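Take a look at the structure set out below.
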Number of protein chains: 4
Amino acid sequence: MAVRSPAQEQKRRRILDAAVRAFARKGYHACRVGEIASEAGVAYGLVYHYFTSKDEILETIFRETWSQMLTAIEAVEEDRVPAGEQLRKVCAIVLRTWKRDPNLVRVLVREVTRSPHIQREVEEIEQAYGALERIVQRGQESGEFRDDVQPRLAALIVYGALEEILTSWVMGQLDDTDEEVDRAERAVVSIVRDGLRVR
Amino acid sequence: MAVRSPAQEQKRRRILDAAVRAFARKGYHACRVGEIASEAGVAYGLVYHYFTSKDEILETIFRETWSQMLTAIEAVEEDRVPAGEQLRKVCAIVLRTWKRDPNLVRVLVREVTRSPHIQREVEEIEQAYGALERIVQRGQESGEFRDDVQPRLAALIVYGALEEILTSWVMGQLDDTDEEVDRAERAVVSIVRDGLRVR
Amino acid sequence: MAVRSPAQEQKRRRILDAAVRAFARKGYHACRVGEIASEAGVAYGLVYHYFTSKDEILETIFRETWSQMLTAIEAVEEDRVPAGEQLRKVCAIVLRTWKRDPNLVRVLVREVTRSPHIQREVEEIEQAYGALERIVQRGQESGEFRDDVQPRLAALIVYGALEEILTSWVMGQLDDTDEEVDRAERAVVSIVRDGLRVR
Amino acid sequence: MAVRSPAQEQKRRRILDAAVRAFARKGYHACRVGEIASEAGVAYGLVYHYFTSKDEILETIFRETWSQMLTAIEAVEEDRVPAGEQLRKVCAIVLRTWKRDPNLVRVLVREVTRSPHIQREVEEIEQAYGALERIVQRGQESGEFRDDVQPRLAALIVYGALEEILTSWVMGQLDDTDEEVDRAERAVVSIVRDGLRVR
DNA sequence: AATGAATGAGTTTTCATTCAT
DNA sequence: TATGAATGAAAACTCATTCAT
């Protein structure tokens, strides 16, 4: 399966992209395989030529997206900048993904993060937590961050905040103009970094 | 429907509680109506005597729990304590619910965001956001909180953080001993209130 | 599952009998589950209420029929008659089943050998062989039959002969009037018996 | 189709032989066209270049094998030996085929003899019956065999016996060492012959 | 109120066959 | 001749919901 002609790869992508749109529109469960096929403009059976099941499609979407995001996040760790700045960059990566491909994020947020499939993927999510955890830890070691908060909890809090904002966008409860995206990024970063309290 | 004998009410509860356990165990979609019935120790058909659909059961669980939590959160608003302290109390309410009924939280966390039903419930979730939003706003007005962050975004961030921690407990990725619950509460509150940065 | 109300049992039978007719008409593979249902005059889904799969239906037909035939054959063993006469009775039982329920035999004959399921049922076939084997063996011990032929081979030969005749009837290549059934019985018995009989 | 280069003919054979192995392994229905192709080491589509359908492959296997066996059996008729000896030779031909190509026999026994395809082939099977029938008939005419048994029934009984023994070997319920094959041949022949023979 | 058998529309998946290259 | 991607018509099975008792 590793070896695929460019034409094959292209068609596989087409199906995957169509699935993202279809899942985003109706939700994974409500979305029929036939809709993915017609959205992709291919025959019903071809979906099963490239994927073994509807489930595998969702899983693939998750895995491919996630590993992409992970690469970006782990690149931030390499940056020679203060922990606070690294933290900001991570937030930017996550929130900007929304603007780049809202459908994708919609699927990720709605279907993947809380689904039973995920039990299998936990490891991959774990890596994202790990990266942020290490950033916080280094910030603590360098004296930039207070050290009375477990890095793991800090990581959870940051990701939770980001996910909630994404969800709000997904649900249409919050504006997602460029300006608003900026504002959201600043809000998360400044709250987490500096807190709400006036100094 | 409004008039129910105590015996009826009791059986209804039994079905509802059974549903919470069953949904928690396998997820809403994977859980069959028959499993709810046998978990409750009642006949298959009886489930449909008390509820019009499987959907309605989830909705009921959601609504009843949520309104309970909402009442508790809104009570906090009445408290004549600083905004920071109100914020702490809200966190405590949410996180303590986990210890009281983990299955319930599991269902809420896992199913609510993806369910299309939820769109209808958004209003109720909205109220919870609203409460927290007002707390933040009052904190800003009283000069206790900085005012360069939109209250709505602050509310999102807090709930997101709490939800992520709950999810971690649900997924078994994070300890949930009493001590850990305390620690988590403190982490959320102190980060949100004071930020990570050393002052 | 062992406990079934008479009404249930009756409906189960109805489905089973309908399946025999439907399988006989078109063959197991070509027969659709829907045809069984409508042949039985029940809803599609009810078939699955009583049986877990189309496969299980065939298996059940096979098992139930076979155990019935087995009981009859084993009863012959109890008879205090010469081995040659016991052998005749066994042939009569097998061949008369055709007259009683041709559809049933048609299904048995056509599907049994190819079904992979049957591997599991081999045990039951084995018992039938065993009975005939013991009859031959006792015939040899009593000096009625020659003893230079393995009882197991003799049993195979008898059943093979019977099955081929049944198949011929099924395929319509051989008349199956009462008279012809008699003639076939006599042919098998006299060929096999006189061949085995010590001169 | 009649004109085929040696190279083509060879590839056709390769597919046919692969099909025999594949059908023998999993049964005709459970065997996928792709398995035949990969077993033969050719591309999927090539199977359809040489055969119009999966069905035709089975049919071809049957026809080619059968005509070979038929030729051998009909050659026996020419032999100037007693009917009893001719009968023995026919049994030997059928049973020895097993040793030569068990997979082939497995397919013939499992798929062909009882399948719906066969209706079309009945004529060819008929010829085999015919040959044995004539042998018996001549034996009766020459006074070697008793004449109170219809030759057709005798032929059915012989083939049935042989087929059952083959099936037992296929199912692994009976040893098929060379010695056992000899023994089986002798058992069939002596039971059938001595039974038929005038005393 | 309580039971669980009955219903059947809806879905995924399979796979023989075709066809463009 | 050779390849294997593309097609889409089937078919088994599921399961929420209904309903007779």
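Keep in mind the model is a prediction, meaning the values are calculated, not measured. When reading the values below, keep in mind they use all heavy atoms of this one structure, side chains included, and skip hydrogens, waters and symmetry mates.
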Nearest-angstrom distance from the residue atom CD1 of C/I36 to P of F/dA11
13 Å

Is atom CD of C/Q68 surrounded by more than 12 heavy atoms (other residues, nucleotides or ligands) closer than 6.0 Å?
no

Judged by nearest nucleotide, the residue sitting upstream toward the 5' end of DNA chain F, A/V42 or B/C31, is A/V42

About how many Å separate CD of D/E59 and CZ of D/F51, when rounded to the nearest 0.5 Å?
11.5 Å

Pairwise N/O distances under 3.5 Å, protein to nucleotides 8-10 of chain F:
residue : atom : partner : partner atom : Å
F/dG8   : N7   : A/G45   : N            : 2.9

List the atom of B/A37, the atom of B/V47, and the distance in Å for their closest heavy-atom pair.
CB-CG2, 3.9 Å

Would you grab the first and last nucleotide of DNA chain E (5' to 3') that comes under 4.0 Å of any non-hydrogen atom in chain C?
E/dA5 to E/dG8

Please confirm whether the shortest side-chain N or O distance from C/Y48 to OP1 or OP2 of F/dT14 is below 4.0 Å.
no

The correct list of stems in which DNA chain F takes part (3 or more consecutive Watson-Crick or G-U pairs, distances under 3.5 Å) is E:2-21 with F:2-21

Which is more 5' along DNA chain E, the nucleotide nearest B/K11 or the one nearest A/S53? Just name the residue.
B/K11

How many angstroms lie between atom OH of D/Y50 and atom CD1 of D/I57, to the nearest 0.5 angstrom?
13.0 Å

Please state whether the rings of D/H29 and C/H29 are parallel, tilted or perpendicular, taking 30° and 60° as the class boundaries.
parallel

For C/E35, give me all partners under salt bridge (charged side-chain N to carboxylate O under 4.0 Å, His left out), at least two apart in sequence or on another chain.
C/K26

For D/R32, what residues pass the side-chain hydrogen bond (donor to acceptor under 3.5 Å, both in side chains) criterion, not counting sequence neighbours?
none

5' precedence on DNA chain F between A/G41 and D/G41 (nearest-nucleotide basis):
D/G41

Rounded off to whole Å, could you give me the CZ-to-P distance for the D/R14 and F/dT1 pair?
15 Å

Phosphate oxygens OP1/OP2 of F/dA2: is one of them under 4.0 Å from a side-chain N or O of D/Y50?
yes

Heavy atoms of B/L46 and B/I15 approach each other most closely as O-CD1, 4.2 Å

Please report, rounded to the nearest Å, how far the P atom of F/dT14 is from the NZ atom of B/K26.
13 Å

Nearest to the side chain of C/K54, heavy atoms from C-beta on, is which of F/dA12, F/dT1, F/dA16?
F/dA12

Residues in salt bridge (charged side-chain N to carboxylate O under 4.0 Å, His left out) with D/E64, at least two apart?
D/R12, D/R13

Whole-Å distance separating the CD atom of D/E9 from the C1' atom of F/dT1:
15 Å

Regarding D/T52, tell me which of base, sugar-phosphate or nothing describes its non-hydrogen contacts under 4.0 Å with the strands shown.
nothing

When rounded to the nearest 0.5 angstrom, what is the spacing between CZ in A/R106 and CG in A/N103?
6.0 Å

Looking only at non-hydrogen atoms, find the nearest pair between C/A18 and C/I36 and report the distance.
CB-O, 3.7 Å

